[in-house]
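Beneath this line is the structure, given in structure tokens, with notes to follow.
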4 protein chains.
Amino acid sequence: MSVNVAILGATGYTGAELIRLVSRHPNLSIRHLGAHSQAGKAAGEVLPNLSDDLATMPLLPANEPLSADIDLVFTALPHGAAAASVKAALDAGKKVVDLSADFRHQDKDVYAEAYGQGHPHPELLSQAIFGLTEYARDKLKGASLVANPGCYPTATLLPLLPLLKTGVVDTDNIIVDAKSGTSGAGRSAKTDLLYCEVNENVRAYGLPRHRHTWEMEEWACAFSGQKAKIRFVPHILPMTRGMLATLHLKGSNVAAWHDILSDQYAKESFVHVLPQGKLPQTSGVSGSNCCHIGVSVTGADEAVVVSCLDNLLKGAAGQAVQNANVMYDWEETLGLDVIAYWP
Amino acid sequence: MSVNVAILGATGYTGAELIRLVSRHPNLSIRHLGAHSQAGKAAGEVLPNLSDDLATMPLLPANEPLSADIDLVFTALPHGAAAASVKAALDAGKKVVDLSADFRHQDKDVYAEAYGQGHPHPELLSQAIFGLTEYARDKLKGASLVANPGCYPTATLLPLLPLLKTGVVDTDNIIVDAKSGTSGAGRSAKTDLLYCEVNENVRAYGLPRHRHTWEMEEWACAFSGQKAKIRFVPHILPMTRGMLATLHLKGSNVAAWHDILSDQYAKESFVHVLPQGKLPQTSGVSGSNCCHIGVSVTGADEAVVVSCLDNLLKGAAGQAVQNANVMYDWEETLGLDVIAYWP
Amino acid sequence: MSVNVAILGATGYTGAELIRLVSRHPNLSIRHLGAHSQAGKAAGEVLPNLSDDLATMPLLPANEPLSADIDLVFTALPHGAAAASVKAALDAGKKVVDLSADFRHQDKDVYAEAYGQGHPHPELLSQAIFGLTEYARDKLKGASLVANPGCYPTATLLPLLPLLKTGVVDTDNIIVDAKSGTSGAGRSAKTDLLYCEVNENVRAYGLPRHRHTWEMEEWACAFSGQKAKIRFVPHILPMTRGMLATLHLKGSNVAAWHDILSDQYAKESFVHVLPQGKLPQTSGVSGSNCCHIGVSVTGADEAVVVSCLDNLLKGAAGQAVQNANVMYDWEETLGLDVIAYWP
Amino acid sequence: MSVNVAILGATGYTGAELIRLVSRHPNLSIRHLGAHSQAGKAAGEVLPNLSDDLATMPLLPANEPLSADIDLVFTALPHGAAAASVKAALDAGKKVVDLSADFRHQDKDVYAEAYGQGHPHPELLSQAIFGLTEYARDKLKGASLVANPGCYPTATLLPLLPLLKTGVVDTDNIIVDAKSGTSGAGRSAKTDLLYCEVNENVRAYGLPRHRHTWEMEEWACAFSGQKAKIRFVPHILPMTRGMLATLHLKGSNVAAWHDILSDQYAKESFVHVLPQGKLPQTSGVSGSNCCHIGVSVTGADEAVVVSCLDNLLKGAAGQAVQNANVMYDWEETLGLDVIAYWP
């Protein structure tokens with residue numbers, strides 16, 4: 001079986017990772033690369049890693065119509081801009097995995113509050129499936145529109161949801177201190193993303209309330225049935241890839257938390273709970289679609305839970321392909337290497 | 001006035017920074033460089049940055065007696081090992097600034113619990129002054145033994161103490177999520193400190209309770225009169241220098257916290273509170289003895305306070321020199337650059 | 001078809017990369033992981049990127065016999081130490097790809113001169129095939145012992161050989177200035193490989209004559225028939241992976257060099273010559289088995305030729321798997337991703 | 001004595017370093033900060049390292065007149081743009097150290113060839129002194145206009161000139177392979193300077209002939225009397241600061257080269273020749289105005305000479321201050337730390 005794919009926003013870091021993953025996926029074929037500002041060039045002029053056949057593919061303008069033979073569209077466009085492309089693709093009968101934030105909220109008012117602008121296509125919100133794959137498989141099968149989760153929400157929800165579902169976490173005392181590689185900030189030419197400004201530097205940003213906080217809280221509740229307040233602070237680090245979320249938690253029965261997490265993810269291909277007391281590191285997952293989780297019990301009613309993922313894979317393009325695999329009812333690991341490169 | 005200085009443990013990263021600072025200090029002269037494993041070599045063989053006169057100084061063995069003309073000793077030795085050198089120096093009538101952990105606790109039992117070994121010289125604990133300079137000036141003047149604070153306690157206490165003293169912080173809900181450059185882990189040849197293991201990687205460590213937690217809690221109480229519980233999680237980052245502490249706090253009157261901090265440090269040379277809402281970054285302090293503090297009010301009863309310092313300067317050698325300046329009643333900024341290098 | 005594989009020296013950086021590649025190779029199965037100092041542990045304790053089934057494999061001591069069902073052995077051991085393991089494997093009827101330097105020279109005296117020690121098993125030298133794949137396919141098919149080339153010789157010979165073969169290079173004026181990521185220096189705990197010593201630093205090393213110079217000159221001659229003198233200077237850079245070789249060359253007919261190189265590699269899967277005037281960068285090949293080559297004509301009789309590869313892939317483990325593919329007469333790209341991850 | 005200083009182009013990386021150096025120089029006082037695009041802001045909004053008094057200084061527009069009390073102007077503006085500011089300052093009777101390329105060539109035609117545009121003020125070229133300090137002291141004393149050398153020419157000429165002057169170098173076979181930290185590329189928001197594009201990457205650039213080649217060849221000849229052809233290839237590295245130049249040389253009497261260099265620089269404060277056979281590293285000079293030089297004899301008539309400097313110090317702002325010290329006949333090391341920070 002071969003599904004023809006369009007990637008819109010192909011020259012950003014997430015787009016580049018989508019090209020890499022799709023190009024070696026046995027059931028997917030790249031047929032269309034869309035790019036805003038770089039349209040008119042060949043892909044290889046903008047992405048130095050492409051081999052000959054991919055390198056010569058043209059970068060098409062944003063408004064280029066999708067040809068009839070395209071089945072599946074990955075949209076890796078800025079929020080706000082993505083919605084129109086998603087609508088056009090749906091109207092043309094394509095399936096869509098949207099990697100922007102445009103369809104991650106069920107309620108247009110929450111979107112407006114988080115993103116400071118009205119939603120361009122609120123009528124589509126109800127058909128979007130929030131693609132935190134491990135918690136959404138039933139709905140993903142056969143879905144037409146999947147909203148791929150943000151990197152921070154993925155890194156936060158995977159360790160948090162099993163604890164919320166079992167009711168052991170104090171939902172008023174959830175602190176998520178997250179650290180991200182710089183590729184999460186995208187490829188736009190901004191002074192504060194220059195090498196010399198990021199290197200040998202760390203800073204918090206996005207305060208007082210980062211946009212992903214709404215997404216975390218909404219889906220923490222939707223998937224667990226528990227209303228939780230999350231105090232979230234992200235930081236940008238001098239590394240290209242990798243995301244680590246440190247969850248400072250209080251609750252009950254903390255000695256059992258490691259088991260709760262281990263049981264939840266025992267059969268998962270991409271979520272691994274490390275042995276009791278061992279903490280993960282981002283280099284253990286970079287280049288893979290994996291999320292590693294570790295638990296340290298730090299007191300009678302408190303624990304630190306740490307999760308790691310590659311922000312461009314399980315945090316973006318990898319989970320998008322994983323979702324596509326579920327949409328088409330294929331083996332979930334298809335085209336996704338299990339092992340990270342190391343070092 | 002010229003004070004003659006010995007630096008013991010001269011070839012570690014803290015020792016190297018002490019050499020740099022002392023060598024350009026107008027009132028201090030380096031006369032003795034002690035080094036364990038490297039003894040017998042010239043300093044320049046081990047430290048590539050030294051200029052000719054310093055490069056040719058011999059590295060002396062740990063047990064080399066201090067000559068009579070030495071006035072002041074900086075000990076940058078491992079905890080446990082430092083105490084004997086400190087005692088020898090005190091017995092010989094020298095002043096000492098100890099950069100190890102050996103004299104940071106008032107009670108030998110706390111030391112034993114934090115460091116997992118009995119204190120080698122508990123009889124000296126009572127005369128040690130804990131050198132968080134901004135809070136200890138009176139006692140530092142004329143002191144013979146100064147215990148230089150740890151990097152994490154310095155980065156934590158500077159933003160925390162003014163809030164504790166004014167009683168606005170909920171002392172049961174203090175979370176310190178800290179990020180450190182790798183130089184804080186020292187210069188020993190360990191696999192997990194290799195370039196390829198640290199680069200493109202971030203990890204938490206030291207759990208369930210890092211040694212510096214005892215130090216933070218002890219001095220938070222001693223300086224503020226408030227008994228506080230601190231949940232502390234340190235992380236190691238792919239950068240050489242720099243430390244950032246993110247304090248997730250609850251409390252009352254959060255709108256006033258920025259003023260409380262600004263007032264406390266208005267006249268300090270090395271502690272700067274950034275304008276309301278602006279958050280610091282480690283590159284703004286690297287190479288300087290400064291600590292930058294920022295405040296973000298994130299809710300009705302909660303705020304995030306972030307502090308930055310250079311772990312080798314205000315977190316170690318810089319504060320040691322600052323303390324020496326106070327001990328001798330000199331201008332506190334003597335020999336300490338006010339401005340960080342950037343980028 | 002399934003070939004059972006042993007990897008000796010599994011916990012170094014090259015060994016880790018072999019595990020990653022072999023574990024996803026459709027025709028290869030890992031059956032044996034050998035490790036010197038780490039023997040007795042599970043692989044996952046030493047390599048953070050391994051998934052569950054690989055993570056639980058035991059690390060076996062160096063002298064552990066290879067079981068009968070093992071067909072192919074990759075030896076990623078230090079030079080000098082590798083030869084004994086290679087001999088044992090050959091004696092047991094296994095095929096071997098040796099990633100050490102032990103079988104890269106045809107003459108034991110050259111080995112002794114380059115490595116400063118006598119060859120442990122000179123009787124085996126004559127049966128070793130030097131596995132610069134693109135130039136050795138005929139001999140590799142069915143070979144029992146392949147000497148996998150060094151990273152620097154691979155990065156140098158791929159751009160140089162076509163020019164030597166056509167006689168356009170002045171063989172007295174070949175300068176190779178190479179830059180390598182730190183993973184090429186291995187995983188041993190040495191002070192000068194610590195993060196803080198490598199970061200924000202660059203240095204030349206290995207002068208006056210790096211060991212790989214003998215290897216370059218020997219095979220430049222063997223493959224081209226031209227005796228060439230190579231002046232080689234390697235540098236270590238603050239990055240984990242990647243190698244770039246800048247060849248400063250003189251010769252005739254320089255305007256044709258780009259065509260000569262393009263023609264030579266037109267049908268190769270892993271060697272790509274960039275468009276005229278465009279220069280490669282290491283990030284374009286990291287994570288892939290590719291070598292990118294660029295040419296800049298800088299004068300009437302001079303040009304700069306630049307090549308890039310991932311030192312752990314085309315410079316080590318990747319070429320080893322490529323060689324295994326040829327030995328077994330499989331598709332040469334089997335198990336080797338064509339596209340680099342980026343960024 | 002106090003000389004009042006204006007820094008034009010204050011918010012670039014060179015400008016920032018000028019602020020740091022001038023602010024702690026005992027005889028210099030900052031009175032004017034000019035900035036193009038950032039004019040209207042306070043300096044501290046753009047430069048995170050500034051302390052309170054500097055942070056509140058206004059950034060003035062490019063065309064803001066220099067007040068009468070300003071004595072000395074450092075221009076750190078783009079080439080082409082600098083000349084007008086230099087002329088205005090000279091017309092107003094100020095002394096100028098220009099860090100752009102605008103006055104580094106004696107002949108306007110060479111400038112036009114190297115920079116691809118006509119010189120804006122060729123009438124000023126004859127009064128400019130090329131400030132490679134160690135070779136220009138006599139002319140610098142009392143000079144009104146100093147052209148501060150480029151970073152690559154400084155790193156190349158310091159090791160090369162003594163060898164050229166003594167006639168031991170084959171002037172037809174000079175190859176300079178240089179590696180630079182990214183701060184040398186400036187602070188403009190370009191995609192190829194983003195963290196994720198520079199990190200884990202190395203590439204050559206500027207071919208077939210980088211602009212600094214003209215500068216090197218012109219001053220190699222002017223200072224040594226020898227006409228030399230230099231084949232120069234620069235590379236950009238994943239580090240913020242530091243420059244290393246590897247000179248691949250042929251010539252006569254190579255065994256004496258180390259002595260020739262050592263003798264030339266024996267009394268210099270900032271140029272150090274390492275012991276025979278030892279090679280320098282950039283981390284040994286970062287943060288200092290030093291240049292370290294090492295020699296390795298690699299054959300009967302060939303040697304590799306390596307030099308290191310901090311591109312923002314001896315390669316730019318540091319040498320500018322050193323030149324100012326000579327212009328005013330002050331101690332040459334005034335305000336310039338002798339020791340690099342390390343690590």
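In the text below, chain A, chain B and the rest are named by the order of the sequence lines, each starting its count at 1. For clarity, every value in this text was computed on a predicted model and none was experimentally measured.
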Inset, instruction - Heavy atoms only, distances under 4.5 angstrom: which of C/V297, C/L237, C/I236 has the most pairs with chain D? Name it, please. - result: C/L237
Legend entry - The single option from D/V306, D/V304, D/L279 passing side chain to side chain contact (heavy atoms under 4.5 Å, CB included) against C/V233: D/V304
Inset, instruction - For chain D, find which of C/V202, C/I175, C/L244 contributes the most heavy-atom pairs closer than 4.5 angstrom. - result: C/V202
Legend entry - chain C interface, residue from D/A204, D/G242, D/G181 that has the most non-hydrogen pairs under 4.5 Å: D/A204
Legend entry - Closest non-hydrogen atom pair between C/C196 and D/P343, with its separation: O-CB, 3.5 Å
Legend entry - Atom group of C/P238 that falls short of 4.5 Å from chain D, counting heavy atoms: both
Between chain D and chain C, are any donor-acceptor pairs under 3.5 Å, and how far apart is each one to 0.1 Å?
{"from": "D/D177", "atom 1": "OD1", "to": "C/K179", "atom 2": "NZ", "distance (Å)": "3.0"}
{"from": "D/D177", "atom 1": "OD2", "to": "C/K179", "atom 2": "NZ", "distance (Å)": "3.1"}
{"from": "D/D177", "atom 1": "OD2", "to": "C/H248", "atom 2": "NE2", "distance (Å)": "2.8"}
{"from": "D/K179", "atom 1": "NZ", "to": "C/D177", "atom 2": "OD1", "distance (Å)": "3.0"}
{"from": "D/K179", "atom 1": "NZ", "to": "C/D177", "atom 2": "OD2", "distance (Å)": "3.1"}
{"from": "D/K179", "atom 1": "NZ", "to": "C/H235", "atom 2": "NE2", "distance (Å)": "3.1"}
{"from": "D/E200", "atom 1": "OE1", "to": "C/T240", "atom 2": "N", "distance (Å)": "3.3"}
{"from": "D/E200", "atom 1": "OE1", "to": "C/R241", "atom 2": "N", "distance (Å)": "3.3"}
{"from": "D/E200", "atom 1": "OE2", "to": "C/T240", "atom 2": "N", "distance (Å)": "2.5"}
{"from": "D/N201", "atom 1": "OD1", "to": "C/T282", "atom 2": "N", "distance (Å)": "3.1"}
{"from": "D/N201", "atom 1": "OD1", "to": "C/T282", "atom 2": "OG1", "distance (Å)": "3.2"}
{"from": "D/N201", "atom 1": "OD1", "to": "C/S283", "atom 2": "N", "distance (Å)": "2.9"}
{"from": "D/N201", "atom 1": "OD1", "to": "C/S283", "atom 2": "OG", "distance (Å)": "3.4"}
{"from": "D/N201", "atom 1": "ND2", "to": "C/Q281", "atom 2": "OE1", "distance (Å)": "2.6"}
{"from": "D/N201", "atom 1": "ND2", "to": "C/S283", "atom 2": "OG", "distance (Å)": "3.2"}
{"from": "D/V202", "atom 1": "N", "to": "C/T282", "atom 2": "OG1", "distance (Å)": "3.1"}
{"from": "D/V202", "atom 1": "O", "to": "C/T282", "atom 2": "N", "distance (Å)": "3.3"}
{"from": "D/K229", "atom 1": "NZ", "to": "C/E302", "atom 2": "OE1", "distance (Å)": "3.3"}
{"from": "D/R231", "atom 1": "NH2", "to": "C/L249", "atom 2": "O", "distance (Å)": "3.3"}
{"from": "D/H235", "atom 1": "NE2", "to": "C/K179", "atom 2": "NZ", "distance (Å)": "3.1"}
{"from": "D/H235", "atom 1": "NE2", "to": "C/T246", "atom 2": "OG1", "distance (Å)": "2.7"}
{"from": "D/T240", "atom 1": "N", "to": "C/E200", "atom 2": "OE1", "distance (Å)": "3.3"}
{"from": "D/T240", "atom 1": "N", "to": "C/E200", "atom 2": "OE2", "distance (Å)": "2.5"}
{"from": "D/R241", "atom 1": "N", "to": "C/E200", "atom 2": "OE1", "distance (Å)": "3.3"}
{"from": "D/T246", "atom 1": "OG1", "to": "C/H235", "atom 2": "NE2", "distance (Å)": "2.7"}
{"from": "D/H248", "atom 1": "NE2", "to": "C/D177", "atom 2": "OD2", "distance (Å)": "2.8"}
{"from": "D/L249", "atom 1": "O", "to": "C/R231", "atom 2": "NH2", "distance (Å)": "3.3"}
{"from": "D/Q281", "atom 1": "OE1", "to": "C/N201", "atom 2": "ND2", "distance (Å)": "2.6"}
{"from": "D/T282", "atom 1": "N", "to": "C/N201", "atom 2": "OD1", "distance (Å)": "3.1"}
{"from": "D/T282", "atom 1": "N", "to": "C/V202", "atom 2": "O", "distance (Å)": "3.3"}
{"from": "D/T282", "atom 1": "OG1", "to": "C/N201", "atom 2": "OD1", "distance (Å)": "3.2"}
{"from": "D/T282", "atom 1": "OG1", "to": "C/V202", "atom 2": "N", "distance (Å)": "3.1"}
{"from": "D/S283", "atom 1": "N", "to": "C/N201", "atom 2": "OD1", "distance (Å)": "2.9"}
{"from": "D/S283", "atom 1": "OG", "to": "C/N201", "atom 2": "OD1", "distance (Å)": "3.4"}
{"from": "D/S283", "atom 1": "OG", "to": "C/N201", "atom 2": "ND2", "distance (Å)": "3.3"}
{"from": "D/E302", "atom 1": "OE1", "to": "C/K229", "atom 2": "NZ", "distance (Å)": "3.3"}

Inset, instruction - Give, as side chain, backbone, both or neither, the part of C/L207 having an atom under 4.5 angstrom from any heavy atom of chain D. - result: both
